[in-house]
Structures are given as structure tokens and as C-alpha cells.
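Reviewing the structure listed below.
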Amino acid sequence: MATGDAPLPTDSFLSAAIWLKEKVVEATWKVENSRCIDPTAYLGLLGTALLCLRSYEATGSLDDLRLSSQIVDKCAHYLDSTKYSRNMTFLCGSTGVYALGAVVAHYQDDHQKKKLFLDLFIEVARESTLSAGAEEGGFGISYELLHGRAGFLFSALFINRFLGPDTIPYQLLEPIIKAVLNGGRAGSGHNLDCPLMYRWHGTRFLGAASGLAGILHVLLHFPLEVDDKEDVEATIWYLIKNRFKQGGNYPSSQNNSRDTLVQWSHGAGGIAIMLCKAAQIYAKEKEGGDFSAKALKFHDAAMEAGEVVWRRGLNQKIGLADGIAGNAYTFLSLYRLTADQLYLNRAEAFAAALHEKVKKMMPLDCTSDEELNVFSLCHGLAGVACLFFDIASPEDSRFPGYEL
């Protein structure tokens, strides 16, 4: 077992989430309202807006909804004069601002502002570089979740989840999906064993943040043609077959023999969540009234990856990307897939361990970027607060910026 701590009551996690949300808002917005160094969700101010939206969903607080709207507006204003406007992804770029802005405006019944953000998003979607042909070796726009085309497509999925499936029409997204698939085929050298492969700064990463698993996870959300679906499926099998034989973890990159990272960004944590999605998608394909053999194998592989996270995932970091919070979401995904109380208990155990850590980590002030990172979504306390909200409502849980 990873920890012997007894789980906290559900209402304790909700109280902790609200308390921690207030600390994040105080540090990143109330204290730092005069400046906006980073307007994105991953490390920047938009992560606070996403947390406030999650708090509104959990508590119904209109103050949190208004606060989320104000923060989004500040981030949108700051985009125009920074390098971040050139990045077109949900977690690290402009489309996260536009997507979240449209959703918050939708909740507020502000049709004018919703249209503004949707128009800005669609303008980005029509960028010819997003649907450009296959390329390999790092030229043009990349493909991965944090900085590439998969991250853009996630933004569209986020909008459609909240505003309706046709808000961003599939016809607009289809050329970009095709570009991702064709880029993966070129990157793999049309290898039948691994039909899709991508590079990020020259390295063939396999994990969720900058690698293969994150791209596959996004592609699984779309209605793919038969050949495309077969290539996605075969690539998932490639990942499963190439996990470490001893222990069952996944390499951080292709042909990397170091079995050191068990987290969302690299290793079993993020890959397990992708496998949960694959099991869910293929469960819809029945064989004689039973789940398909493919779905059962993906289901088993997801549970095996979850066992790796349980044995090794209680690391020293707290965040979503590389720490305990991200690994706790592995168990929430498995809980939603299986309805097995074991996985909810494990998520609660990891969250309880975080509960002990967070008060000891609170900086005395926030005078540097490094101190502000302690409050960020993906490396810090905003992500932990999202986890606490999701532990209190596990059926509605979703990894921020990765699950829908």
C-alpha cells in the first residue's frame, strides 16, 4: 500500500478545497492583481480562473463565477501583448483563455461575451498552419497536448462539452484531426507496429503532457474513420506492449530504459487515464451482447497501470503534472470506469496525504515567479484544490485540461 493514512470525510475535502481556493485567489489575484505575468492555465493566472469555475460548479457560489470571469478578462487582455498568444492550446496558450471565457460567459447568460470568445476561438481554428500537412523533426506547429495541435483540439472539446456538441463544428476540426493523424504516420515512418508517433524537441515522448498518450487521449474523443481508428488502436497496443516488463510502468520516451517517472506527464499515471478512455470507447462495441475483447484488454491495462501508481505514485511533489494530485486522478478515472470503491479509497488516500502537506507548503509571501508557481494549476496548489473538489464529487471528477 502507498499510505496508511485514513481517508478524511467527504465534507472535510470540500472544506479544504474552499479554504485552499481562497488562498490561491489571495496569492494570484488579490495580491497580484496589478500584474499578469503568465495568462495561461498551466502555470499562470488562468489556472485560478479554472479553479474558481470548479468551485462554482461544486458550491453554486456566484461570487466564484464572477471572479472567474474577471480573471479570464484580465488574461484575455494580456494575451495580445505576450508570446502566449502564439501558442494555440488549452493549458499553455490562447485557446484556453477563449474556451474558458466562452464557458464562463455561458454560465452568466452573457451572450455578447460568449460570442466574442467563440469568434476569437474560431479565428484561431481557421489558421492554415493548424491543418498543414504532415511534418517531422520539429518544424511547424507540434502535435502534443501542452503546446501542439492536440492541445488546440482539447480546447474545442472543452467548449463543446459545456456549450453543446456542435458549437465548434466537426467540419472545422476535421482537417486538424487529419493533420494530427497524418503527422503521426509520417513520424512513425509508416510502421505497422506503431502507426502513429510524434516528436517534441526531437524526442519521441510517450506520456500525457508532451507525448503519445496525450495525443491519443484527445483523438479518442472524435468520431474517426475506420483506418484512422485502427491506427489509434494499434498505437495504444504498441504502448501497452512496450511497458517495462518488471513492474509494469511505461517509459517516458521511446527506447528509454530508465524506469523512474510515475506521474501524469510521464509514466503510468497519465497513460492509465488514456487507457480508461480507450476502454470506455471500445466498451460501446458489443460482441454477442458482451463487452468487446478490445475493451476488456484496455480495461485490464488501465487497472495494471493503476497498480503501478498505487505502489509508486506517492512522490514528493504535489502538483497535477508531476505529483501526487495528478496521480490521484488516475484512481478517480478508474473509479468512474469500474465503479469499484477500491479506487475511490485510493484517491482519497492520496488526497489525505496531500492534505497534510499543503499547510506546510504555504509561502509567506509571493514576490517571485517561483513562489507564484506554488499556487499554479499544474505544479501547485490550484490543482490540489481542484482534486479536493473532485474527491468530494468523484462521479463528476475530471483531470483539469486532460479529461472532459
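- Counting heavy atoms from C-beta outward, Leu377 and Leu51 have side chains that stay 4.5 Å or more apart.
- Thr330 places a side-chain N or O within donor-acceptor distance of the main-chain N or O of Gly269, the cut-off being under 3.5 Å.
- Closest heavy-atom contact between Ala325 and Leu320: CB-CD2, 3.9 Å.
- Checked against the 6.0 Å centroid criterion, the rings of Phe162 and Phe158 qualify as a close aromatic pair.
- A donor-acceptor pair under 3.5 Å is absent between the side-chain atoms of Asp38 and the main chain of Leu43, judged by distance alone.
- Arg185 has no carboxylate O lying under 4.0 Å from a charged side-chain N of Asp227, or vice versa, which leaves the two without a salt bridge.
- For the pair Glu22 and Glu26, the minimum side-chain heavy-atom distance is 4.5 Å or more.
- Side-chain contact check for Ser252 and Arg258: no donor-acceptor pair (N or O, by modelled atom type) lies under 3.5 Å.
- Side-chain atoms of Ser333 never come within 3.5 Å of backbone atoms of Cys276 as a donor-acceptor pair (strictly under, hydrogens ignored).
- Between Arg161 and Glu403 there is no salt bridge, since no side-chain nitrogen of the basic residue lies less than 4.0 Å from a carboxylate oxygen of the acidic one.
- Using a 4.5 Å heavy-atom threshold, the side chains of Ser210 and His201 count as separate.
- Between the side chain of Ser68 and the main chain of Leu65, no donor-acceptor pair closer than 3.5 Å is present.
- A salt bridge does not link Asp110 with Lys114: none of the charged nitrogens is closer than 4.0 Å to a carboxylate oxygen.
- What you find for Ala213 and Ile271 is that their closest heavy atoms are CB-CG1, 3.7 Å.
- Side-chain atoms of Asn315 come within 3.5 Å of backbone N or O of Asp322 as a donor-acceptor pair.
- Put simply, the side chain of Arg149 gets close to the backbone of Ile141: a donor and an acceptor are under 3.5 Å apart.
- Residue-environment remark: CD (Gln341) exceeds the threshold of 12 foreign heavy atoms within 6.0 Å.
- The backbone N or O of Met197 lies less than 3.5 Å from no partner atom in the side chain of Arg204, so there is not a single donor-acceptor pair.
- Between Phe90 and Tyr42, the distance from one ring center to the other does not fall under 6.0 angstrom.
- Aromatic ring orientation, Phe222 versus Tyr170: tilted (interplanar angle from 30° to 60°).
- Using a distance-only test at 3.5 Å, with no hydrogens or angles considered, no donor-acceptor pair links the side chain of Tyr98 to the main chain of Ser155.
- Nearest heavy-atom pair, Val97 versus Pro39, reported as atom, atom and distance to 0.1 Å: CG2-O, 3.6 Å.
- In this structure, Lys21 pairs ionically with Asp64, as a charged nitrogen and a carboxylate oxygen lie closer than 4.0 Å.
- Residues Leu334 and Asp340 have side chains not in contact (no heavy-atom distance under 4.5 Å, counting atoms from C-beta outward).
- When side chains are defined from C-beta on, Phe117 counts as touching Val72, because their heavy atoms get closer than 4.5 Å.
- Separation of the Tyr329 and Trp264 ring centroids does not fall under the 6.0 Å cut-off.
- What you find for His379 and Ala321 is that their closest heavy atoms are CD2-CB, 3.8 Å.
- Within the 4.5 Å cutoff, the side chain of Lys357 has heavy atoms near those of the Ile324 side chain.
- Between the side chain of Asn327 and the backbone N or O of Val262 there is at least one donor-acceptor pair closer than 3.5 Å.
- Between Arg54 and Glu57, at least one side-chain nitrogen of the basic residue sits less than 4.0 Å from a carboxylate oxygen of the acidic one, meeting the salt-bridge criterion.
- Counting all heavy atoms, side chain and backbone alike, Ala17 lies closest to Phe388 at CB-CB, 3.5 Å.
- Using a 3.5 Å distance cut-off with no hydrogens or angles, the side chains of Thr203 and Ser253 do not pair a donor with an acceptor.
- You'll find the side chain of Leu332 stays beyond 4.5 Å of the side chain of Ile273, heavy atoms only.
- Residues Cys92 and Thr89 share a closest heavy-atom pair of N-OG1, 3.2 Å.
- A donor-acceptor pair is defined here as one N or O able to donate and one able to accept, closer than 3.5 Å; no such pair exists between the side chain of Tyr402 and the backbone of Ala208.
- Side-chain contact between Ile71 and Leu46 is absent, with no heavy-atom pair separated by less than 4.5 Å.
- A salt bridge does not link Glu233 with Lys297: every distance from a Lys NZ or Arg NE/NH1/NH2 to an Asp or Glu carboxylate oxygen is 4.0 Å or more.
- Taking the charged nitrogens against the carboxylate oxygens, Asp63 and Arg66 do have a contact shorter than 4.0 Å, which makes a salt bridge.
- A donor atom on one side chain and an acceptor atom on the other are found under 3.5 Å apart for Gln254 and Tyr238.
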